[in-house]
Amino acid sequence: MSAVEVLRFALRGLAANKLRSGLTTLGILIGVGAVILLVAVGNGSSVQIKESIQRLGANSLTITKSTTGGGFGGPGAGFGGRAGRFGGGAAAQQQSSGPRTQAHDLTLADAQALTGTGEAPSVKSASPVVNAPATPATYVGTSATINQFVGTHPAYFTAANKSIARGSSFTADDVTSGRKVVVIGSSLADDLFGTVDPLGKQINVGGIRFIVTGVLEESGSSSSAFQDADSVAIAPLPAVQESLTGYGGLDQIVVEARASEVVDAAQSEVTAILQQRHDITGGAADDFQVMNQASVQSAVGEATRTFTVLLGAVAAISLLVGGIGITNIMLVTVTERTREIGVRKAIGAPKGAILSQFIAEATVLSLVGGLAGVAAGVIGAQFSIVGVTPVIVPSSILLALGVSVAIGLFFGSYPASRAASLRPIEALRHE
Amino acid sequence: MSAAVPPVLDVREATKVYGTGDTAVHALRGVSLVVERGDHVAIMGASGSGKSTLMNILGCLDVPTEGRYRLDGIDVGRLDERRLSILRNRRIGFIFQSFNLIPRMTALANVELPLAYGGVRREPRRRRALAALEQVGLADRVDHEPNELSGGQQQRVAVARALVTAPALLLADEPTGNLDTRSTADVLNILDRLSLAGRTIVVITHEADVAAHAKRIIRLVDGRIAEDRRQVPVTGHPPRHGLAESAK
């Protein structure tokens, strides 16, 4: 008996009961498809969060004023779901909560202290940031809302990983002279200007005219983010303070480390300098907090990994249930075909031929189910699921397919060995 | 028969006991039987006489508790299951009362089956299966599945399946038990022709009409041979061959 022959017998056996074979296959299909798809969803959300965080600049630290007595609890808690808006979105919370009695505001002097002195060798730049609340902007009758109006220094662009697609950013000179120029995000440019070239045009923000000098590259922030991260405008700090926010404290200081290896060093340097400047000694809680993108990233990565494993486990259970379905149906098949097995043995089928025929039947069922499941999983992964674009993990395909074949072999072997060890006399007598 | 050629069947004092102790059932109580090549033997007996047990032993589906059985010179008692299945495949062709064709396989595929298990390659297998089907007059039904065939046709396919390996022994268990008169005549006629062609045939039956076609009739009673009557010499003409045709 050649392998082809065995396979032919197996296929013939399966074809004899198409509906039953189909339903059993469906069980495996769902299991394998679920494993691939759910792992892809878990992986996709993890990739998405990582990208959102990376978009902020891997080497950057964000210092915000802490009104709750320090720790990670405040703005950091919102990370998982809306990491995409993190760059300046936390501002609203900052402004709405009342300041602590002894809390110092972050000041321009604080920002300058981080780079001006030699005390922080790992810090490349420190950009003071103020955020204006969502503001309407108009250009020749067209109006749009700017979700985020940021006032800052030019170093912010590299620190926060904002790159200019067209035109140019503003210069240090623009900052010192308080020129009203602005770099706008891509979706804001679309909303206000449509097909018109925005460079050099004037937009009106709250009665103040800003000249557009550049357009940011599309950040590619996904639709699941809370806000459109491209509806942003970045202008020199004094211009924004003068026209929109007033000259209060800074909302953030964005610090860029010299390299990703010295981010931790930069963090401790920054903390030490600010503690000194804010007169925080001993065990007193800091009135600011420094967030490190890398640590946030690894914490979030940890959480999403757990999420992925859980999803995978649920899917694996459904695969197991599919496997039990195979055993079940094969046992029924063996009982049903006892007489046929007897005839085959009587005319000289060796034990191995019967065994391999039934194992082949079970394996074909699970393999066909597995392949269809891979197809279903891959097709399903093309759609975004609850706001997450699934990213297929190639090893999950191989694993799910391998497991499905193993399931066929394993769950099929018991019924098959039962068939093979039937005594021909009794099998022939079976009705 | 020269001494060099062993008899097809050589059973010596075969006994078969089912169970042990007080509940032991003695199905065969010492049967000795020699069947020469080319003979056509009918084994008759009432239900419970041990004829099914004898047929299982002759068909290598079972081994005797005691005694010796040689099939075509091979001592069956010493063989393991794997060798028994090879022996069944090569030396024995079974014909069952209930046809026992594999459902949803064409007549051709059914006939090819023993050759497939015997490891015959596809091309010769097909050729031999077609030849066997032609021999039973079903060359025009090769692509029909069992449920598309009449009882008589199914049994003829079964005969073809038994023949296709050119076995030393054709073993038929009540081959006409489920057939009408017309089909019975067809099948018996085929057996007669096979006997004429020199095949060794053992038919188990309780019908005298069927037994009348045999060259030798053995009657079993209570696990022993009660009567062993030869109607025609081994090399003689099948007793009823040709009568059916002349009756038409």
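Each chain gets a letter, A, B and so on, in the order the sequences are listed, and its residues count up from 1. These values consider heavy atoms only, across backbone and side chains, with no hydrogens, waters or symmetry-generated copies.
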Worksheet item: What part of E426(A) lies closer than 4.5 angstrom to a heavy atom of chain B: side chain, backbone, both or neither?
Response: neither

Discussion item. So for R337(A), is it side chain, backbone, both, or neither that comes closer than 4.5 Å to the heavy atoms of chain B?
Written reply: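 Contact with chain B: none, neither part.
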
For [X], is it the side chain, the backbone, both, or neither that has a heavy atom closer than 4.5 Å to a heavy atom of chain A?
X	value
R90(B)	neither
A109(B)	side chain
R82(B)	neither

Item to complete: Take E336(A) and R20(A) through the side-chain contact (heavy atoms from CB on, under 4.5 Å) test and state the conclusion after the steps.
Response: CA-CA 13 Å; E336(A) 211 179 55; R20(A) 189 197 283 173; 2.8 Å; yes

Response to the item:
Max heavy-atom pairs within cutoff under 4.5 Å with chain B, candidates G352(A), P424(A), A349(A), goes to A349(A)

Practice prompt. Using a cut-off of under 4.5 Å on heavy-atom pairs, state which of K351(A), R423(A), K345(A) scores highest against chain B.
Written response: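 Sorted descending by pairs with chain B, the first entry is K345(A).
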
Item to complete: Evaluate the side-chain proximity of S49(B) to V221(B): yes if any heavy-atom separation is below 4.5 Å, no if none is.
Response: no

Practice prompt. Dump the intermediate steps for side chain to side chain donor-acceptor pair (under 3.5 Å) on S183(B) and D186(B), then the final yes or no.
Written response: CA-CA 5 Å; S183(B) 303; D186(B) 282 347; 5.2 Å; no

Practice prompt. Output yes when E123(B) and R127(B) qualify as a salt bridge under the 4.0 Å nitrogen-oxygen rule, no when they do not.
Written response: no

Worksheet item: Do NZ/NE/NH1/NH2 and the carboxylate oxygens of K51(B) and D173(B) come within less than 4.0 Å?
Response: no

Worksheet item: Side-chain donor-acceptor pair under 3.5 Å between T53(B) and N56(B), yes or no?
Response: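 The answer is no; no qualifying pair exists.
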
